[in-house]
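Some notes on the structure that comes next.
These values consider heavy atoms only, across backbone and side chains, with no hydrogens, waters or symmetry-generated copies.
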Amino acid sequence: MSNIQKYKEFYKQSMENRDDFWQEQAKMIDWDTPFDSVLEYNNPPFAKWFHGGTLNLCQNAVDRHLADRGDQNAIVWVSTEEDKEVNITFAQLHKQVNEAAAVYKSLGVEKGDRILIYMPMIPQAVVAMLACVRIGAIHSVVFGGFAAHALASRIDDATPKVVVTADAGLRGGKTIAYQPLLDASYQQITITPPKVLLVNRGLAEGALGEGKYDWDEQMAKCAGQIVDPVMVESSHPSYILYTSGTTGTPKGVQRDTGGHAVAMRASMKHIYDLQPGETMFTGSDIGWVVGHSYIVYAPLLTGATTILYEGLPIRPDPGIWWSLIEKFKVSVMFTAPTAIRVLKKTGTDLINKYDLTSLRTLFLAGEPLDSETHRWISDALPGNVVDNYWQTETGWPILTNFAGIGLMENKFGSPTMPAYGFDVMLVDESTAEPVAANEKGSLMIKAPLPPGCMTTIWGDDKRFVETYFSRFGKEMYATFDYALRDEDGYYFIMGRDDDVINVAGHRLGTREIEEVLCKHSSVVEVAAVGVKDELKGQEVVAFVVSSDQTEAASESDLKALVSREIGAIARPKNIYMVSGLPKTRSGKVLRRAIRSMAEGEDPGDLPTIDDASVLESIIATIKKG
Ligand code: ATP
Ligand code: MG
């Protein structure tokens, strides 16, 4: 059987024999009480997977590996900021999560309480997460690096009893003190101030006072204590995670326990193909869903080693990640396309310097992977490169290629095909009718969503239904992305449906235009946006970042390229050459901000922006014309 046939058979099983399919997957997880039914779905769109079963996520991620893998590394922490490397075996991790769980209990945390984790990429952050689910508490990790306001709104929404934090994070050699940010957020919150548990790295002043406790001291007090994992219902929330906020106010995505555990473990087998005992390196942050799923839960549930990396991908030089792959014999790597584009700017020499034969597959997700970057990195690496399309809401890939089933042929620019369990539909946005091959439609998922997906918006079932299930009724989950499917069944993401550009009645996806501009050899990155035009409604404006290695393209060449490939209707009115694009800290282009600036307006308050200095340079470029 060819890989594509194998995939189709597997996918069909998940659709036609859904319960048996997931029953089988659930065997990869330890249950304390077996579930009564695979799915309870009597209140659409709320799905309860593995109803009646009880389990503990921390027990599955840590305790159950002790017998066979106690001495194997669970976490390898590499900090190029502190120039440190620390190995933590499963046995050591077990000891630490027990002590941390005891600390939480001493601070009065009980099952169902929230713990907010505002931390840099240090091992204590992972310990803090695992200890939380060990006692049935619910974590909400907030990206360490969000400023006071973003933090305050998340504290108010999650109402945690405890905030776990550190004195400081490090980024590109700079110390970012967290305490002033936390203190400022406490000035803004409206709830009773949560207690603070502070990891002191000795980097910045972290004054302990009323309600603030030192992590090391508390851990020492609880040294050697064992806290039995609290078995929770499968539908018990394991965590809340806010979406990136690329399009608006972040939504508090709530994830269950049983469905989450099964989905994570199954994805390692079928999609990522990582075996117990092997090593995975996910270059992301625990503050994002990719970090939750593929730095922490999926590798640990699998009994694999995970690399936790603090630092930039280009420091001390852009070869650092490849050096880690060689050194730790990484089998599977995961990161965002933006990181690869940064490396692409500097060429392949630093890739060729290292022995990367251990790396079977590199997975990329979070933003469109343009076909040129996909081709470039595929040529540069000995292994395969797979584009993954998913969302904070789903927790694991909606569209992907499947290393565990057998990779199908890649089509550059396509995240391949729907993952098992996802009943993906492409529909016309006004009629809800399925669209034909090669036609753009709204990407929807027929409910119920598979295990591991969000179960609701934290504290707001109504917003959950209204946000995701109001377009075409409770049967259809909206991703808010456009896609098309070609005649071979491959999917192509065409952009978000709220940033479609409407030129004289023609609806253009931002992605189509960007994809074409990326074909020019000098273009590394591009954002296309629609700006108001009196005559045509909107006009296309593009912002282009060029490579260090080639001469920049001329504006007229690039305009001609778009006319030729898409049509005169898409020809950008203006093309601005800029040094960088405004992005969220998770690497997503903030198109709304760009659009505002292109229309001569203020980009507004951007709490999630990574580097605000690019805004000024863009505004200056626009002014110059
Ligand atoms: P918010 O929903 O708060 O505006 P966000 O959508 O940026 O934020 P995430 O859940 O982090 O938050 O991002 C998911 C989105 O990222 C997808 O809906 C899609 O638009 C984009 N995306 C992710 N992976 C890919 C991919 N492989 N190709 C194209 N787009 C992708
Ligand atoms: Mg989103």
Side-chain angles (χ1 to χ4, degrees), residues 143 243-248 250 282-285 287-294 312-314 321 333-345 362-378 385-401 410-416 443 479-483 491-501 509-519 523-529 542-545 578 580-595 606 608-611 614:
F143 175 64
T243 56
S244 303
T246 311
T247 55
T282 298
S284 178
D285 192 282
W288 314 128
V289 70
V290 171
H292 278 63
S293 293
Y294 296 106
L312 300 176
I314 49 167
W321 281 6
M333 179 174 169
F334 194 142
T335 192
T338 181
I340 301 302
R341 286 190 203 106
V342 168
L343 301 176
K344 186 178 169 208
K345 261 184 119 165
L362 165 66
F363 291 86
L364 297 171
E367 266 266 290
L369 175 62
D370 61 277
S371 33
E372 285 316 308
T373 303
H374 198 171
R375 189 190 319 273
W376 177 82
I377 188 68
S378 297
V385 180
V386 170
D387 183 8
N388 263 192
Y389 161 82
W390 46 295
Q391 307 181 305
T392 307
E393 288 87 341
T394 64
W396 60 287
I398 303 167
L399 298 173
T400 182
N401 209 332
N410 263 334
K411 284 198 188 188
F412 294 126
S414 164
T416 322
L443 201 159
T479 62
F480 305 107
D481 289 306
Y482 279 129
Y491 284 71
F492 293 81
I493 300 294
M494 307 304 288
R496 295 172 185 248
D497 66 10
D498 75 330
D499 49 39
V500 66
I501 306 177
T510 48
R511 174 77 191 275
E512 310 166 58
I513 302 164
E514 291 165 5
E515 182 67 41
V516 165
L517 287 167
C518 279
K519 287 191 182 164
V523 174
V524 176
E525 223 170 3
V526 53
V529 297
F543 293 81
V544 170
V545 182
V578 294
L581 300 172
K583 289 187 185 160
T584 62
R585 294 296 294 260
S586 54
K588 289 164 191 295
V589 175
L590 285 157
R591 285 201 179 69
R592 272 209 181 162
I594 298 179
R595 190 166 63 212
L606 300 167
T608 60
I609 194 168
D610 180 19
D611 175 7
V614 298

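- Taken from CG in Asn410 to OG in Ser371, the straight-line distance is 11.5 Å, to the nearest 0.5 Å.
- Val578 places a side-chain heavy atom less than 4.5 Å from the side chain of Val545.
- For Glu367, there are no salt bridge (charged side-chain N to carboxylate O under 4.0 Å, His left out) partners at least two apart in sequence or on another chain.
- Within the 4.5 Å cutoff, the side chain of Thr338 has heavy atoms near those of the Glu525 side chain.
- Between atom OH of residue Tyr294 and atom CG of residue Asn388 there is a gap of 7.5 Å, rounded to the nearest 0.5 Å.
- One distance of note links SG of Cys518 with CD1 of Ile513; it measures 12.0 Å at 0.5 Å rounding.
- A distance of 11.0 Å separates CG of Asp611 from CG of Leu581, quoted to the nearest 0.5 Å.
- A 4.5 Å side-chain heavy-atom check between Thr335 and Leu364 finds at least one atom pair inside the cut-off.
- A donor-acceptor pair is defined here as one N or O able to donate and one able to accept, closer than 3.5 Å; no such pair exists between the side chain of Thr373 and the backbone of Leu369.
- In this structure Trp376 satisfies the ring pair (Phe, Tyr, Trp, His ring centres under 6.0 Å) test with no other residue, sequence neighbours excluded.
- The CG atom of Leu517 lies 10.5 Å from the CG atom of Asp370; values are rounded to the nearest 0.5 Å.
- For Asp497, the salt bridge (charged side-chain N to carboxylate O under 4.0 Å, His left out) criterion is met by Arg471, not counting sequence neighbours.
- Taking the side chain as every heavy atom from C-beta outward, Asp387 and Ile493 never approach each other to under 4.5 Å.
- With sequence neighbours left out, Asp285 forms a salt bridge (charged side-chain N to carboxylate O under 4.0 Å, His left out) with no residue at all.
- Atom CG in Asn401 sits 12.0 Å away from atom NZ in Lys411 (nearest 0.5 Å).
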Original post:
Does the ring-ring contact (aromatic ring centres under 6.0 Å, His included) test come out yes or no for Phe363 and Trp390, once each step is laid out?
Top reply: CA-CA 12 Å; Phe363 291 86; Trp390 46 295; over 10 Å; no
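- With sequence neighbours excluded, the residues forming a ring pair (Phe, Tyr, Trp, His ring centres under 6.0 Å) with His292 are His139, Tyr239, listed by chain and number.
- For Tyr482, there are no ring pair (Phe, Tyr, Trp, His ring centres under 6.0 Å) partners, not counting sequence neighbours.
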